[in-house]
S.K.: 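Before anything else, here's the structure in question.
Naming: A, B, ... by sequence-line order, numbering from 1 per chain.
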There are 2 protein chains.
Amino acid sequence: MGQDDVCAPGTARTALSTELTSAVNRLQRRLRAQRGDVEIGEGQIAVLMTLKHHGAMSPGALADHERVSAPAMTRAVNALAELGLVAKLEHPTDRRQVLVELSERGAAEVGTVRRRRDQWLAGQLRSLTTDERATLAAATELMTRIANG
Amino acid sequence: MGQDDVCAPGTARTALSTELTSAVNRLQRRLRAQRGDVEIGEGQIAVLMTLKHHGAMSPGALADHERVSAPAMTRAVNALAELGLVAKLEHPTDRRQVLVELSERGAAEVGTVRRRRDQWLAGQLRSLTTDERATLAAATELMTRIANG
DNA sequence: TATTGTTATACTCTATAACTATA
DNA sequence: TATAGTTATAGAGTATAACAATA
């Protein structure tokens, strides 16, 4: 039982905000449960991808970018440094700051780690129509805008 | 800094699965942070709404419906019972089972609690175009399908 | 004084495994 | 034996507050 029993969204007289919240919560829970033995957490993967796109950044800048607290970012960066995927460097002029940069191994492995994390969802998306994927792509942009707005 | 600095999704040569995962994670984090002093958690609100739609159910059926583990549902139901929003009843024929039903107060307050939780997101959605909201509504359905599939 | 990063601490949510009661 | 629910325990992820070093 259960999955056949779920209310189709839009059926009830429920607001979009409620349904969207519910969908986001459920999908995130499913993604976390489905994620196999990826050895590092979501937030840490996000840090690797950000560093790949933007180059070396300070922990504070990373925390702003990912919209998490500074302590949460300290922990994520330390975990990645212990795995040898990033390195913490002294800032050239401001000795309070730290620069976090991808290590060679981090740069080599970020793609692999990301693909392994996304494997299940990518499979689910393959069974959608082209139009449905386009809808999700557009919604992805909107959700990111809302999350960062 | 930070929010102006985020990569526009679809800009990079990144797979939809990656962008969707990232968007869902970020939006959920933002929704949690933005949620004011709603006195009960996400999962508990979901239980109240399910009971409102479906009537009394057993904890096991609720766990299946919400796709969480049985212990997680036990905790959610107990928390709601302590607040007087649900009642736990004996099953008429099977004494192993429990029936969870909305209390009068629970039925009266579920709408209020939900609206307070959704207040921020509803405001964000109001600033979108009609087309954009339609996109999100369609995507909500797709995400729910994927989460439950 | 203000800023950057870290440590200390605590809370929420979730899961698996072991247990109890009933069927 | 099998099922429904609970308890025990542990882990991930996050936050706020207090602190240290530097500007």
S.K.: Going by salt bridge (charged side-chain N to carboxylate O under 4.0 Å, His left out), name the residues that satisfy it together with B/Glu90, two or more places apart in sequence or in a different chain.
M.R.: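 Applying salt bridge (charged side-chain N to carboxylate O under 4.0 Å, His left out) to B/Glu90 gives none.
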S.K.: Is A/Glu101 salt-bridged to A/Lys88, cutoff N-O under 4.0 Å?
M.R.: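 Answer for the salt bridge query: no.
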S.K.: Taking only residues two or more places apart in sequence, or in another chain, which ones meet A/Ala108 in a side-chain contact (heavy atoms from CB on, under 4.5 Å)?
M.R.: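 Testing A/Ala108 for side-chain contact (heavy atoms from CB on, under 4.5 Å), a comparison that skips the adjacent residues, returns none.
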S.K.: Have a look at the helix from C/dT1-D/dA23 to C/dA23-D/dT1 and give the angle its two end axes make, five pairs each, rounded to 10 degrees.
M.R.: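 Inter-axis angle at the ends, rounded: 20°.
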S.K.: Could you tell me which residues satisfy salt bridge (charged side-chain N to carboxylate O under 4.0 Å, His left out) with B/Arg117, sequence neighbours excluded, listed by chain and number?
M.R.: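 In terms of salt bridge (charged side-chain N to carboxylate O under 4.0 Å, His left out), with neighbours along the sequence ignored, B/Arg117 is linked to B/Glu42.
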S.K.: Going 5' to 3' along DNA chain D, which nucleotides are the first and last within contact of chain A (any atom under 4.0 Å from a heavy atom)?
M.R.: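 Counting from the 5' end, contacts occupy D/dG13 to D/dA23.
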S.K.: So, using side chain to side chain donor-acceptor pair (under 3.5 Å) as the criterion, who are the partners of B/Arg32 when residues are at least two apart?
M.R.: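 None.
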S.K.: With sequence neighbours excluded, what pairs up with A/Arg116 under the salt bridge (charged side-chain N to carboxylate O under 4.0 Å, His left out) test?
M.R.: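 Expected list: A/Glu39.
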S.K.: Tell me, for nucleotides 5-15 of chain C in 5' to 3' order, what letter each nucleotide earns: B for a base near a protein heavy atom under 4.0 Å, S for only sugar-phosphate near one, - for neither?
M.R.: SBB-----SBB
S.K.: Quick one: side chain to side chain donor-acceptor pair (under 3.5 Å) partners of B/Gln44, sequence neighbours excluded?
M.R.: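 Once residues adjacent in sequence are excluded, B/Gln44 has no partner under the side chain to side chain donor-acceptor pair (under 3.5 Å) criterion.
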S.K.: With sequence neighbours excluded, what pairs up with A/Glu132 under the salt bridge (charged side-chain N to carboxylate O under 4.0 Å, His left out) test?
M.R.: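 Scan of A/Glu132 (salt bridge (charged side-chain N to carboxylate O under 4.0 Å, His left out), adjacent residues dropped) gives B/Arg145.
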S.K.: So, using side-chain contact (heavy atoms from CB on, under 4.5 Å) as the criterion, who are the partners of B/Thr135 when residues are at least two apart?
M.R.: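 So B/Thr135 forms a side-chain contact (heavy atoms from CB on, under 4.5 Å) with A/Thr135, A/Ala138, A/Ala139, A/Leu142.
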S.K.: A/Arg30: what forms a side chain to side chain donor-acceptor pair (under 3.5 Å) with it, not counting sequence neighbours?
M.R.: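 Scan of A/Arg30 (side chain to side chain donor-acceptor pair (under 3.5 Å), adjacent residues dropped) gives A/Gln34.
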